[in-house]
Amino acid sequence: MEDFWTLFCGVSDCGNSNGKSCSSDLISLTHPSSYITNALTIGFDVLLLGLFLINIFSKVVSSRRTNIPPRYCGISRLQLFSAIFNALLALVYLFFGIWMLEEKLRKNHDMTPLHGWFSASFHGAIWLVVSLTVSLRGNNFPKVLLRLLAIVSVLFAGTTSLLSLFSVIVDEKVTLKAAFDVLYFLGAGLLLMCSFKGFNAYEDSHLYAPLNGAGNDTSKSESVDHVTPFAKAGFLSRMSFWWLNSLMKRGRENPLSEKDIPSLREADQANSCYLTFVELFDRQNRAHPSKQASILWTIVKCHRKEIIISGFFAFLKIVTVSSGPLLLNAFIEVAEGNESFQYEGYVLAVVLFFAKILESLSQRQWYFRSRLIGVKIKSLLTAAIYKKQFRLSNAAKLVHSSGEIMNYVTVDAYRIGEFPYWFHQTWTTSFQLCLALLVLFHAVGLATIASLVAIILTVLCNTPVAKLQHKFQTKLMVAQDDRLKAISEALVNMKVLKLYAWETHFKNVIEKLRAVEEKWLSAVQLRRAYNTFLFWASPVLVSAATFGACYFLGVPLSASNVFTFVATLRLVQDPIRTIPDVIGVVIQAKVSFSRIVKFLEASELETSSVRNESNGGNIDYSILVKSADLSWEENLSKPTLRNINLEIRSGQKIAICGEVGSGKSTLLAAILGEVSVVQGSVQVFGTIAYVSQSSWIQTGSIRDNVLFGAPIDSLRYQETLEKCSLLKDLELLPYGDHTEIGERGVNLSGGQKQRIQLARALYQNADIYLLDDPFSAVDAHTATSVFNDYVIGALSGKTVLLVTHQVDFLPAFDSVLLMEDGEILHIGPYNELMSSSKEFQDLVHAHKETAGSERLTEVSVPKGHDVIKQELQKTTDDKSAVSDGDQLIKKEEREEGDTGLKPYIQYLNQNKGFFLFTLAALSHLSFVLCQISQNSWMAVNVDNSNISPLKLIVVYLVIGFGSTLFLLCRSLSTVVLGMQSSHSLFSQLLHSLFRAPMSFYDSTPLGRILSRVSQDLSIVDLDVPFGLIFAVGATTNAYSNLVVLAVVTWQVLFVSIPMVYLAIRLQRYYFASAKEFMRINGTTKSFVANHLAESIAGSMIIRAFKEEERFFQKNLELIDTNASPFFHSFAANEWLIQRLETLSATVLASSALCMVLLPTGTFTPGFIGMALSYGLSLNMSLVFSIQNQCSLANYIISVERIHQYMHIQSEAPEIIEEKRPPVNWPTMGRVDIQDLQIKYRADAPLVLRGISCTFEAGHKIGIVGRTGSGKTTLIGALFRLVEPVGGRIIVDGVDISTVGLHDLRSRFGIIPQDPTLFTGTVRYNLDPLGQNSDQEIWEVLGKCQLREAVQDKEEGLDSLVVEDGSNWSMGQRQLFCLGRALLRRSRILVLDEATASIDNATDMILQKTIRTEFVDCTVITVAHRIPTVMDCTKVLAISDGKLMEYDEPAKLMKNDGSLFARLVNEYWSHYQSAESH
């Protein structure tokens, strides 16, 4: 026992620190620094530790009984303040003890007595663990035990602080210990407050349980079971990432799938993040109504607690890493025989190990928590952007196109989400430099000033480049937007491009935009290369300056100060090298954030002033418009609609008619609140259902589209299908109403899409129905059936506004509203307008002339479409067993398992990639060898008296400056590699997409393609090249460190070889799961992009049905589905690195132990210094190696995804040189169709079944048939959008399957079914290839009734056409398509239901124009309007893909049994029945 007291107190008779005996006096015994007080402190700390462990064990029991709702698991401000204050205080105690030990060793070369320094250090360590756990995780402990622990702490802290204050009064001197003790009392008080006040929310948590669980216990339990283990993980599990083990094990056993990945905990889900953000933002706006709240500061406030905690871990990491060179200095002193005390070497080896473990723990938590903040910020920004696009005003839509909004989500939000990971590095690098300078000052004295000057010069050299980088990054993002806008527009309208043979032109336009983007990309990457070179070369500059200063100042160089300097420099160089990346990320985030903020602050629609759910007692009226002027554009001198006065009573049916561009659709939009009210008022009372002119169909099943979020009512659902004549269509579809519809309804005909829209509206059972020309796309029989069953039958008693060009329906309405040039010309009953309005008479007579009433035959009205419920039930239910494999939209493909080097080879195979990569890798290897040579020269000769200091320094610096040349070569070859590979990959991808057949676009959602040409391409452009070289470089550095350590202390190989083997096994274990995480992240990313693209396209319909919230919730689910694999991916990254760092710490400690165990003199101090300087940076270099490898593994998945679409099976060649048709082909226009058989997919049934007929040259051919009979497919076959499986088509003696597609399509003219306009000017839309003069274009505009509309615009032919041509009416868009056909002057012209959206008067003029302009041409017309084909030379009637008849219309009319005669009779009976209403 006496030995123990001697060790503890310093003397055997138990004196205090002043040397007085035990029995001297009470004052000495109670002195804060006396051995008795210190012994009591240690005893109390042991007691505290015991209480703490009891709490830990009690927690396990109580956690089984208590279920705290996630939303109450936040950390209060008091808890956070207590945690920070006490953690800092504990660290102060810890470092105070270490400082006391260091002083004792320096003065006495002995660490005894223990009581002073040991008491302080032990107290600091225990208080750090206890205070942090109780402050942050106290809610998990039993209340009574927690409070007991806090009370004991306060009592002891109070006693200690009183004794300290007493000693201050007695000694009349304030000591550091006394100050710390007073602060300790404050810290214990905070802990006590936490235990009583901080966790009150949990005490009453049982109050919330019934609310949470009510009604959906099962679903809750199911969802909770699949929540990430992180949600329930304890403190130690979170610190060690132990909670991830089960998922990693599952990934090792089998490739992970989407269902294996658990969901995020509630606090990290998009909904929670977004609601927190909105609540804080609104609160700030209410607090300061005069100014707009800052979005940036709101986001910071949302996550300030997490930012502070991750910042604390960053601080702890920097402190621990900076202690390394001091330990190295102590090791060299021991090697030189200057031991401070016995066994100092062993103590240093143990301290080194624990310092490295603490460094690892703190860095992993720093990175993990920062990444988690990034995920939450990305989620809330994506949600905010999605929510905003629903409210965007028309003016704002001109500034922010759908392509740009897509970019905000896929690129900008991603870049901002990456920023928090780098955020703390903006200050930790500076802090680490400051600590490094202090260590350097300790080593080389005043020469440190030279180091500081060199570092400042390096930073100054970078400043102008950083400003340029910001400018170029902004330009790059704008260029990226332009390119993405063009490519998304081309992809959406690919069918039209193929029909017009414009793919090559549009591809060239995109390539030109890409060339501009590549110009700015090369500028950004070159600045980044300069930064990289500058900061990687900075250690050479710093060492040159420092050693030069040492020489001139006469500072002696020895192994201890030289290698303390080298070790410090090696530790600082990795953070310094990341400065370019930090600068790049900050700039990218700043640019992206300013773009998103600009979007979020854009002007919004004011729909609330128009829509009212109830009419506030005004029961009579559904719609009231008083003296309203309305405009699509803001500040327009001439409003779109002028002086609109409209009073529509509940239950009224109003038909709206007028010429093309008269404002019919705009009036409906105004009622929906989509158009700005310049003056007057618009009021709507009741719910609205809206059917748009151009159909909007969601990807999903037909049932989902009809229900549109409403719960299913079988009876109402069946009646809805019946009223919309969808039953026969459902029988023909492979899975009935469970059939998956492709994006934008690609596998449905125009009529089917429109009837699904009608069904969607009817099922909602709204008060007001706005129908925008829904019958233009359906055939006459279906139009009659739907009109009678739907408008007259199902909507009886509802308020209906129907825009229509079909005059036949007008008599059935209560009132007809005639519009002209944005004004209501007349409104009144049909008969009244017929007698009083000349304009209305002209409209009706125009229809009768178009219809050719002299052909009217006496027919009886066909009977209703009667279907019994059992048949219907069979249609919808028997086909419900849907096999996903047979559906049109396939699950997105992704690689599975370990693809090895395949994606890397795919990347390096582009344009001399292997040569450039090899050059860069060899340059880096040469640089590392130069560094080792430098340090070896110094290690061998630093204590060599034969080598002068000048020679020592000069040789060292010559090798150093030589190494920078290799760095320069590496940086430049990396940029060239990146630019060449990006250019090659994009060119191949673009070529592949533009040469892909239409079947690819029919079965591939646009979001999948867009995510590849936006985010994936951005990663390939900016991240992959440097990621590749940095991964190789960091791995080379890590292995060079290990090699140096092993060469100097070869004995460490016994430890390091098994450790390297373990590290490789761990890495493989990790990659099994990590690659699947990132692949699933890639595919789920497409869901978010796809849903956004679809929502932007249908935003007007979604708003009309007030379904924004449902779509927003769906978006939140998709964001979380995408965020979860990413969260688990970076958690797995930290899981791996933490284990590898533990291994590297073991290697380093073993190496240090070797040096201690082997006899003195085995190693020279120089080599010990060199080995440990490399060993100290082993942890960091290993971390950088693994981080870069993991980042690269994540980045390379983008190459993998792009490569999937680089080799799509192409269409036939565009041009076949040996089979080029004559220049003037087709000369006559004769078309021979021989036994034509078409199917859309190999496993699909035939759509056209052996059609044979001949279209004579110059004939006008009409193609008729019911919806879905194969009319449009026949046109597709003529243009080879789909290749025949049997038969052929011969045009003027040339088999069209033998000529190139460009030669074929460019010789035919077409006016397609869906009129498409492109962003640009009027001139560009009519003649994108620039082949016609302005005079020719004006002539054509005159012929297709557009001259006045274009002349009204100030810019004439340069007038703006916005995205989708939405600033022109549907009818005007079809007239533009006619203009293109007139400019092309083909011998064969195809009209695919081309006049469906045009009023009868315009249609009559057009038919005359076509008859005169294409008098010698073969005109093939697909029509739903029977009168359109009545004057054709011949009519081809198709039913279910078979040719039913082909003859002159008059002959077919005489045959009552012919399909054509039936269609004509149905048309006229529908005309008669409408007039009879």
Of all heavy-atom pairs between Ser1386 and Cys1417, which one has the smallest distance, and what is that distance?
-> O-SG, 3.3 Å
NZ or CZ of Lys1434 within 45° of Phe1255 ring axis and under 6.0 Å | no
Taking all atoms of both residues into account, what is the closest heavy-atom pair of Gly1229 and Thr1418, and its distance?
-> O-OG1, 2.5 Å
When you check the gap from the basic side-chain N to the acidic O, do Arg1230 and Glu1256 get nearer than 4.0 Å?
-> yes
Please state whether the rings of Phe1000 and Tyr1205 are parallel, tilted or perpendicular, taking 30° and 60° as the class boundaries.
-> perpendicular
Can the ring centres of Phe506 and Phe994 be said to be less than 6.0 Å apart?
-> no
Could you go through the side chain to side chain contact (heavy atoms under 4.5 Å, CB included) check for Leu1278 and Leu1274 one step at a time?
-> CA-CA 6 Å; Leu1278 187 62; Leu1274 181 59; over 6 Å; no
Before giving the answer on side chain to side chain donor-acceptor pair (under 3.5 Å), spell out for Thr1227 and Asn1224 the whole-Å C-alpha distance, their side-chain angles and the decisive distance to 0.1 Å.
-> CA-CA 6 Å; Thr1227 49; Asn1224 59 348; 5.6 Å; no
Between Trp1225 (side chain) and Asp1303 (backbone), is there a donor-acceptor pair under 3.5 Å?
-> no
Heavy-atom distance under 4.5 Å between the side chains of Phe1279 and Leu1304, does that happen here?
-> no
Evaluate the side chain to side chain contact (heavy atoms under 4.5 Å, CB included) criterion for residues Lys1260 and Thr1421: first the C-alpha distance (whole Å), next the side-chain angles of each, then the deciding distance (0.1 Å), finally the verdict.
-> CA-CA 8 Å; Lys1260 307 294 177 277; Thr1421 306; over 6 Å; no
Rounded distance (nearest 0.5 Å) linking atom CD of Gln757 with atom CD of Gln693 = 10.5 Å
List the steps, then state whether side chain to side chain donor-acceptor pair (under 3.5 Å) holds for Thr1254 with Asp1232.
-> CA-CA 4 Å; Thr1254 301; Asp1232 245 338; 2.4 Å; yes
Arg755 bridged to Asp729 by N-O distance under 4.0 Å = yes
CA sep, side-chain torsions, deciding dist, call: Asn1325, Arg1380, side chain to side chain contact (heavy atoms under 4.5 Å, CB included) | CA-CA 8 Å; Asn1325 269 280; Arg1380 291 170 187 160; 3.4 Å; yes
Can you name the salt bridge (Lys or Arg N to Asp or Glu O under 4.0 Å) partners of Asp1295, sequence neighbours left out?
-> Arg1288
Rounded to the nearest 0.5 angstrom, the CG-SG distance for Asp1447 and Cys1253 is 12.0 Å
Tell me, do Pro1315 and Phe1376 make a side-chain contact under 4.5 Å, heavy atoms counted?
-> no
Check for a donor-acceptor pair, side chain of Ser992 on one end and backbone N or O of Ile1208 on the other, with a separation under 3.5 Å.
-> yes
Does the pair Glu1214/Lys507 count as a salt bridge with the N-to-O cut at 4.0 Å?
-> no
Which pair of heavy atoms, one from Leu1452 and one from Ala1461, lies closest together, and at what distance?
-> O-CB, 3.7 Å
Might you point out which heavy atoms bring Gly1270 and Leu1248 nearest each other, and give the distance in Å?
-> O-CD2, 3.6 Å
Under 3.5 Å, side chain of Arg1280 to main-chain N/O of Ile1296, donor-acceptor pair present?
-> yes
Any donor-acceptor pair under 3.5 Å linking the side chain of Asp737 with the backbone of Ile702?
-> no
Can you measure from CG (Leu758) to CG (Leu726) and round to the nearest 0.5 angstrom?
-> 8.5 Å
With side chains defined as the heavy atoms from C-beta onward, is the minimum distance between Phe1318 and Leu497 less than 4.5 Å?
-> yes
What distance do Arg1462 atom CZ and Met1444 atom CE have between them, rounded to the nearest 0.5 Å?
-> 7.0 Å
Looking only at non-hydrogen atoms, find the nearest pair between Thr1272 and Lys495 and report the distance.
-> CG2-NZ, 4.1 Å
Show the numbers, then the answer: is there a side chain to side chain contact (heavy atoms under 4.5 Å, CB included) between Arg760 and Thr720?
-> CA-CA 8 Å; Arg760 176 170 64 206; Thr720 300; over 6 Å; no
Side-chain touch Thr1298/Ile1216, heavy atoms, less than 4.5 angstrom = no
Is there side-chain contact between Glu503 and Glu1211, with at least one heavy-atom pair below 4.5 Å?
-> yes
Within-4.5 Å side-chain heavy-atom neighbours: Tyr1001 and Ile1009 = yes
Is there a donor-acceptor pair closer than 3.5 Å between any side-chain N or O of Arg1249 and the backbone N or O of Leu1443?
-> no
4.5 Å side-chain heavy-atom contact, Ile1263 and Ile1275 | yes
Distance, nearest 0.5 Å, that separates CG of Asn493 from OG1 of Thr1316 = 4.5 Å
Any donor and acceptor pair, going by atom type alone, linking the side chain of Arg1387 with main-chain N or O of Ala1257 inside 3.5 Å?
-> no
All side-chain hydrogen bond (donor to acceptor under 3.5 Å, both in side chains) counterparts of Thr1409, not counting sequence neighbours = none
Of all heavy-atom pairs linking Lys1239 and Val1282, the shortest is O-CG2, 4.1 Å
Hey, are the side chains of Arg1305 and Leu1281 touching, using non-hydrogen atoms and a 4.5 Å cut-off?
-> yes
Spacing of CG belonging to Leu1436 relative to CD1 belonging to Ile1261, to within rounding of 0.5 Å = 8.0 Å
